[in-house]
Amino acid sequence: MIRAVEPDTHTSAPVLAAYRYCEAVTGQQARNFAYGIRLLPTPKRRAMSALYAFSRRVDDIGDGTLPDDVKATRLEDTRALLTRVRDGAVDEDDTDPVAVALAHTAQQFPVPLGGLDELIDGVQMDLRGETYETWDDLKVYCRCVAGAIGRVSLGVFGTEPGARGAERAPEYADTLGLALQLTNILRDVREDAEGGRTYLPADDLAKFGCSAGFGGPTPPEGSDFAGLVHFEVRRARALFAEGYRLLPMLDRRSGACVAAMAGIYRRLLDRIEREPEAVLRGRVSLPGREKAYVAVRGLSGLDTRHVTRRTVRRRA
């Protein structure tokens with residue numbers, strides 16, 4: 001679980017209560033991200049919890065069982081809330097703790113709130129039942145629901161003064177978000193199919209004989225499902241490699257947070273690669289002890305040092 005918000009003489013009681021609510025949501029629902037967020041210092045940790053709680057609300061609207069017209073209305077209500085946050089129109093005694101915490105976060109950090117608008121755009125794409133012919137098409141969706149969150153989170157993390165190439169940090173944060181989302185898509189391919197959603201590009205499905213979809217625990221007859229998965233895994237690995245160039249630009253604890261969150265998904269990708277058909281039988285996940293190990297590894301700075309050495313070699 002994420003630690004509770006520590007007493008803060010500079011933050012009002014209503015705001016602290018709002019952050020406690022957001023941290024509770026994060027601790028209960030962020031099965032992977034919580035391991036990274038807990039490595040942050042208090043101000044950044046609670047800011048990330050506010051961002052997560054807002055994002056969770058948007059995702060829950062899209063994934064819920066309400067009629068689509070009700071979902072659409074609620075998404076617009078959430079967008080209106082975001083506008084209130086952007087306009088500084090949320091009071092500390094507002095009855096919505098997520099709004100209060102997000103408003104305080106936006107005051108404390110240079111968070112590009114437009115990224116949260118993009119998240120809502122992405123969930124609206126789901127409501128419209130959009131499908132994706134090519135990887136370029138799918139990237140538009142992934143940038144909305146994941147890349148944008150990477151860029152928003154970077155507003156909390158910040159970059160180290162004088163970090164080489166820091167102007168490209170938003171690009172790397174975005175790319176890392178794409179890597180995480182593609183991993184999610186592979187993990188949830190059966191669950192999404194049962195919900196009537198197909199995310200993998202249609203031309204990739206056709207290339208490997210999988211256009212019939214994934215409605216059962218076995219691949220479509222005559223398909224090369226393992227080939228499809230390995231193809232997408234290679235794509236995700238390339239995205240991870242590019243996105244990891246963000247790590248040396250961050251301070252130690254922010255880098256540890258990102259390394260832990262991304263590291264969990266990279267290990268998940270390893271499991272999917274070893275046994276592709278497992279994603280058709282149920283959700284592939286990591287045990288808690290393995291997630292904890294990845295978090296400790298992130299805090300040690302091993303991944304950051306590895307990226308730094310690789311970058312130096314590339315320049316030599």
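The residues of the chain are indexed from 1 along the displayed sequence.
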Got [X] and [Y] here, is their nearest side-chain heavy-atom distance under 4.5 Å?
X: Thr183; Y: Arg266; value: no
X: Asp60; Y: Arg57; value: no
X: Asp270; Y: Arg237; value: yes
X: Ser12; Y: Val15; value: yes
X: Val98; Y: Cys22; value: yes
X: Leu119; Y: Asp59; value: yes
X: Arg79; Y: Gln124; value: yes
X: Leu186; Y: Tyr199; value: no

Side-chain donor/acceptor of [X] to backbone N/O of [Y], under 3.5 Å:
X: Asp91; Y: Asp94; result: no
X: Lys44; Y: Ile37; result: no
X: Arg253; Y: Leu39; result: yes
X: Asp251; Y: Ser254; result: yes
X: Arg271; Y: Leu286; result: no

For residues Leu81 and Leu66: do they belong to one hydrophobic cluster (side chain heavy atoms under 4.5 Å, members Ile, Leu, Val, Met, Phe, Trp, Tyr)? no
What about Val58 and Leu127, same hydrophobic cluster or not, with Ile/Leu/Val/Met/Phe/Trp/Tyr joined at side-chain heavy-atom distances under 4.5 Å? yes
Pair Ser49-Arg38, side-chain donor/acceptor within less than 3.5 Å: no
Going by atom types alone, do Tyr19 and Thr105 pair a side-chain donor with an acceptor below 3.5 Å? yes
Between [atom1] on residue [X] and [atom2] on residue [Y], distance to nearest 0.5 Å:
X: Glu232; Y: Leu200; atom1: CD; atom2: CG; value: 5.0 Å
X: Leu154; Y: Leu176; atom1: CG; atom2: CG; value: 11.0 Å
X: Leu75; Y: Ile120; atom1: CG; atom2: CD1; value: 6.5 Å
X: Ser223; Y: Leu228; atom1: OG; atom2: CG; value: 8.5 Å
X: Arg143; Y: Leu178; atom1: CZ; atom2: CG; value: 5.0 Å
X: Cys257; Y: Leu40; atom1: SG; atom2: CG; value: 4.0 Å

Using side chain to side chain contact (heavy atoms under 4.5 Å, CB included), reason through Thr175 and Leu246 one step at a time and then give a plain yes or no. CA-CA 10 Å; Thr175 300; Leu246 175 66; over 6 Å; no
Can you name the closest pair of heavy atoms from [X] and [Y] and give their distance?
X: Arg168; Y: Glu242; result: NH2-OE2, 3.9 Å
X: His230; Y: Glu273; result: NE2-O, 3.0 Å
X: Leu180; Y: Phe240; result: CD1-CE2, 3.4 Å
X: Phe157; Y: Leu250; result: CB-CD2, 4.2 Å
X: Met48; Y: Ser153; result: CE-OG, 3.4 Å
X: Ala193; Y: Phe214; result: CB-O, 3.2 Å

Evaluate the side chain to side chain contact (heavy atoms under 4.5 Å, CB included) criterion for residues Ile185 and Leu138: first the C-alpha distance (whole Å), next the side-chain angles of each, then the deciding distance (0.1 Å), finally the verdict. CA-CA 11 Å; Ile185 287 171; Leu138 180 59; 4.1 Å; yes
With Lys207 as the cation and Phe231 as the aromatic partner, state whether NZ or CZ is under 6.0 Å from the six-membered ring centre and within 45° of the axis. yes
More than 12 non-hydrogen atoms from neighbouring residues, nucleotides or ligands closer than 6.0 Å to OH on Tyr21, yes or no? no
Take atom CZ in Arg128; do more than 12 heavy atoms of anything else shown fall under 6.0 Å from it? yes
Lys/Arg N to Asp/Glu carboxylate O, [X] vs [Y], below 4.0 Å:
X: Asp136; Y: Lys139; result: yes
X: Arg46; Y: Glu23; result: no
X: Glu191; Y: Arg283; result: yes
X: Arg235; Y: Asp204; result: yes
X: Glu194; Y: Arg190; result: yes
X: Arg197; Y: Asp63; result: yes
X: Arg187; Y: Asp192; result: no
X: Asp117; Y: Arg86; result: yes

Ring-plane angle category for Phe33 and Tyr52, please: parallel below 30°, perpendicular beyond 60°, tilted otherwise. perpendicular
Passes salt bridge (Lys or Arg N to Asp or Glu O under 4.0 Å), Asp126 versus Lys71? Steps please. CA-CA 11 Å; Asp126 280 336; Lys71 289 182 179 182; over 6 Å; no
For Val140 and Tyr132: C-alpha separation, side-chain torsions, deciding distance, then whether side chain to side chain contact (heavy atoms under 4.5 Å, CB included) applies. CA-CA 9 Å; Val140 174; Tyr132 308 97; over 6 Å; no
Phe225 vs Glu277, side chain to side chain contact (heavy atoms under 4.5 Å, CB included): CA-CA, chis, key distance, verdict: CA-CA 8 Å; Phe225 180 72; Glu277 291 189 21; 4.1 Å; yes
Dump the intermediate steps for salt bridge (Lys or Arg N to Asp or Glu O under 4.0 Å) on Glu118 and Arg151, then the final yes or no. CA-CA 11 Å; Glu118 292 181 56; Arg151 287 179 267 118; 3.1 Å; yes
